[in-house]
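All values below come from the heavy atoms of this structure, side chains included, with hydrogens, waters and symmetry mates left out. Letters A, B, ... mirror the listed sequences (proteins, then strands); counts begin at 1.
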Amino acid sequence: MQDNMITEFLNLRHKIISAEFSRMNEFQREAVLTTNGPLLVLAGAGSGKTTVLVNRIACILKYGDAANSEYMPQGLNNNDITYLKSCLESGSFADERLSALLAVDPPAPWKIIAITFTNKAANEMKNRLSSMLGEKASDIWACTFHSACARILRRDIDKLDMGYSGSFTIYDTNDVVALLRDCCREIAGDDRSFVTKTAMPIISRAKEKNLDPAAFEASAGTDYRLKKLAVVYYKYQEALRRANALDFDDMLRLTVKLFEKRPEVLEYYQNRFKYVLVDEYQDTNHVQYKLVSMLAGKHKNLCVVGDDDQSIYRFRGATIENILSFEHQFKAARVIKLEQNYRSTSVILDAANAVIKNNAGRKGKNLWTENSKGENVTVCRFDDEPGESQYIADTILEGIKGGMKFAQHAVLYRMNAQSSSIEKAFVRAGIPYRIIGGHRFYERLEIKDIVAYLCVLKNTGDNLHFSRIVNAPKRSIGSATVAAALEIAEQVSMTLYDVFLHCDEFAYFSKKVSRISGFMKDLEDLRGMIDNIPLHELIKSVMIKSGYLAALEAENDSEAKERIENLSTLVSNAAEYEKNSDEPTLEGFLEEAALMADIDNYDNSADTVVMMTVHSSKGLEFPVVFIAGMEEGIFPGQNSAAFPEELEEERRLAYVAITRAKEKLHISYARGRMLFGSTVYNRPSRFIAEIPDELKNSVNERPVVEKHKIPAKVPAVRTENRSVSQKHPTTVVYSPGDTVLHNVFGRGMVLSSKPMGGDTLLEIAFESFGTKKLMSNFARLTKE
DNA sequence: AAGCTAAGCGTTTTT
DNA sequence: CGCTTAGCTT
């Protein structure tokens with residue numbers, strides 16, 4: 001077979017495989033087709049980056065591996081080529097002959113890893129891959145840095161000989177703060193801000209540089225403050241190890257360490273992943289760079305995609321250097337720029353370009369578009385933030401009148417603190433909205449409590465989570481008892497759990513033995529269930545046996561109601577996880593819980609306006625975007641003005657914000673705004689001035705919006721991310737004999753019903769949980 | 001042990 | 001302003 005025939009065949013085949021290929025520009029195609037060697041794709045905002053990544057993966061499979069191997073159809077001839085052409089022309093792709101020509105996938109597993117920063121991006125990629133490549137796409141690792149590391153460590157962390165086992169738990173930031181606080185107590189007392197502002201960042205930075213406590217101590221030199229922190233670092237690491245827990249930094253750091261210490265493990269993964277792809281490369285930090293270069297070290301098929309203009313995570317260690325010096329670090333790297341924007345109108349794009357060009361440290365890239373000019377950017381000035389919020393609400397309502405959907409609007413702001421006044425305006429105007437970020441589902445008190453129970457069940461050495469649950473719900477085992485137990489635990493080097501388990505052996509607990517051992521018996525019982533019942537059943541049992549649910553139900557107010565609802569969401573999340581996972585385990589579920597971000601759950605199916613910080617908005621797009629609070633001191637933030645690098649980061653942030661808009665951009669600022677309890681007066685942001693006048697309609701004096709009465713308390717119509725389902729007002733009447741379903745207790749029969757204070761007290765005999773008393777409006781029952 | 005009140009403090013945030 | 005937390009009271 002002639003080479004050119006093969007080439008033509010492969011080309012044609014790829015066109016058919018990748019339905020989107022025909023719509024790509026030449027640069028996108030080049031990025032898709034260049035499958036060997038290091039490649040840097042500088043992808044501007046809205047340039048079809050995800051499409052390129054996904055098609056590139058398809059192309060590696062169908063073209064890269066297959067081209068040089070036996071995975072070609074036998075006896076290919078000119079007729080086949082003609083046939084493929086006719087398929088393309090007619091657009092009919094479904095028959096047997098064609099399938100035979102396409103069915104030349106390389107053997108499984110498909111050796112590709114695509115690393116992203118958020119689960120959302122990973123999931124999007126997974127979905128697109130499986131719709132394009134079918135079931136075998138599940139061979140491909142499309143995951144975040146952290147989930148990749150978790151998977152690698154679960155398998156082999158014991159080979160590090162550091163005392164960790166593969167069933168480790170992951171500590172999130174809150175856990176870390178709590179743990180570090182204990183470790184800092186000796187040198188800083190109860191100073192919380194010392195922990196969050198000094199200890200945590202310094203230790204985090206040390207970990208990122210791959211420094212363990214000993215190396216950190218050595219690097220501290222004579223600096224007495226750092227020496228003290230080294231002691232904290234030792235303590236902290238020891239506490240983590242005792243709890244068999246990893247923090248987010250450890251997950252990356254220990255993976256690199258594992259690769260260094262055990263070359264055979266690294267080699268295994270180098271062979272497993274012949275092709276490595278990294279999305280949002282501009283946001284990688286040093287460990288991540290290290291990890292990527294180790295993984296790709298053998299085959300050098302590393303493709304990184306990023307936009308130096310969208311690097312906005314410097315504050316958490318991302319170094320823009322990684323992308324700026326890619327060509328230097330990976331010799332013979334090819335660079336492809338994607339500069340055509342498919343997202344925004346030319347006005348919006350020109351505005352974004354005009355702003356970002358004021359930055360010095362960039363690769364240089366000028367986005368252009370064939371899209372129409374569109375409306376000018378509206379820039380509006382207000383006296384205060386209620387006025388600004390009102391304007392946003394009014395403008396959205398006008399849009400709705402004009403036939404737009406709520407979901408086509410997004411409000412972006414620099415900091416979460418800005419959301420409340422906009423929220424109030426939306427509540428008044430009856431605009432449905434949701435806030436992304438703020439607090440996450442798994443950060444809610446009740447969720448953290450139940451998850452803490454699960455952590456302890458999995459690993460009884462987890463003192464941190466144990467002390468969290470020991471008195472939640474209240475069971476009269478208070479802080480004094482825990483403090484004493486902790487001291488005993490340390491002295492006899494036992495876990496807190498074991499001290500409580502054997503509390504009868506310690507004189508101190510003599511008066512509390514019955515209470516404590518009752519609690520411990522429940523825990524032990526639950527522990528016995530771990531491997532015997534499905535995960536979501538286990539979680540239900542935890543909620544019941546611990547008395548947590550009963551305590552909430554006894555509270556009987558709207559807040560408790562919401563918490564119960566959240567808990568049943570947790571149960572259904574677990575059930576969902578079990579359904580989707582090949583090998584559901586408790587630690588797998590906990591891992592997913594720890595690695596889950598708020599934005600990951602955002603789907604735009606519900607028709608609501610979306611509010612979020614600019615950071616959260618990266619990667620999203622909306623027809624109409626409002627950027628609120630464009631003021632010096634807010635955006636750019638107060639502390640960034642003095643430092644050129646930070647100012648450039650703010651400008652990149654502004655660039656990200658502007659480029660979220662597809663059709664219409666509104667920028668607003670207030671002359672004064674209430675911030676943290678006092679009014680601050682700011683000048684309009686310099687970024688506004690950087691947008692050329694001919695691209696904006698400035699409304700400098702808005703008619704003073706008359707002060708609207710703000711309701712004393714904002715009604716809780718706030719559509720939180722998870723609890724989108726509206727609470728159905730229970731007008732249902734239950735009478736004795738009815739069969740009902742409860743979210744947690746399952747099926748039961750109503751024994752009695754008594755009207756009580758506007759609600760009804762039901763006594764229900766459940767099939768598996770005995771007889772319970774519940775408030776009707778509360779319990780979210782359904783009649784069967 | 002639990003509840004209440006005064007005091008403090010407050011970028012951006014994923015994992 | 002609104003939330004968390006320390007520390008005091010019962």
Rounded distance (Å) that lies between atom [atom2] of [N] and atom [atom1] of [X]:
X: Glu649(A); N: dT11(B); atom1: CD; atom2: C1'; answer: 12 Å
X: Ile115(A); N: dT14(B); atom1: CD1; atom2: C1'; answer: 15 Å
X: Met612(A); N: dT11(B); atom1: CE; atom2: P; answer: 21 Å
X: Ile422(A); N: dC1(C); atom1: CD1; atom2: C1'; answer: 16 Å
X: Leu675(A); N: dT12(B); atom1: CG; atom2: P; answer: 10 Å
X: Met200(A); N: dT11(B); atom1: CE; atom2: P; answer: 12 Å
X: Asp283(A); N: dT14(B); atom1: CG; atom2: P; answer: 12 Å
X: Arg314(A); N: dT11(B); atom1: CZ; atom2: C1'; answer: 14 Å

Can you tell me which nucleotide in [options] comes closest to the side chain of [X]?
X: Thr613(A); options: dT13(B), dT11(B), dT5(C); answer: dT13(B)
X: Ser476(A); options: dT11(B), dA2(B), dC1(C); answer: dA2(B)
X: His615(A); options: dT13(B), dA1(B), dG2(C); answer: dT13(B)

Ion pair check, [X] and [Y], cut-off under 4.0 Å:
X: Arg651(A); Y: Glu646(A); result: no
X: Arg673(A); Y: Glu631(A); result: yes
X: Lys458(A); Y: Glu587(A); result: yes

What does [X] touch in the nucleic acid at a heavy-atom separation under 4.0 angstrom: a base, only the sugar-phosphate, or nothing?
X: Thr481(A); answer: sugar-phosphate
X: Leu252(A); answer: nothing
X: Asn416(A); answer: sugar-phosphate
X: Asn471(A); answer: sugar-phosphate

Next item on the list: Identify, with sequence neighbours excluded, every residue that meets salt bridge (charged side-chain N to carboxylate O under 4.0 Å, His left out) alongside Glu591(A).
Entry: Arg154(A)
Notebook entry, point to check: Going by atom types only, do Tyr164(A) and Asn244(A) share a side-chain donor-acceptor pair under 3.5 Å?
Noted result: no
Margin query: Do Asp250(A) and Gln237(A) pair up side chain to side chain, a donor and an acceptor below 3.5 Å, judged on atom types alone?
Written below: yes
Item checked: Toward the 5' end of DNA chain B, by each residue's nearest nucleotide, Gly637(A) or Asp172(A) -> Gly637(A)
Check: Between Ile477(A) and Ser616(A), which has a closest nucleotide on DNA chain B that is more 5'?
Finding: Ile477(A)
Note to self: Is Phe315(A) stacked against the base of dT12(B), taking the criterion as centroid distance under 5.5 angstrom and interplanar angle under 30°?
What the structure shows: yes
Check: Taking atom CZ of Arg185(A) as the centre, does the number of heavy atoms from other residues, nucleotides or ligands within less than 6.0 Å exceed 12?
Finding: yes
Notebook entry, point to check: In the 5'-to-3' direction, what one-character label does each nucleotide of nucleotides 5-10 of chain B receive under the scheme B = base within less than 4.0 Å of a protein heavy atom, S = sugar-phosphate only, - = no such atom?
Noted result: -----B
Note to self: On the side chain of Arg414(A), is there an atom forming a donor-acceptor pair with the base of dT11(B) - under 3.5 Å, no angle test?
What the structure shows: no
Next item on the list: Return yes if the base of dT14(B) and the side-chain atoms of Arg316(A) contain a donor-acceptor N/O pair under 3.5 Å, otherwise no.
Entry: yes
Next item on the list: Looking only at non-hydrogen atoms, find the nearest pair between Glu650(A) and Ile634(A) and report the distance.
Entry: OE1-O, 4.4 Å
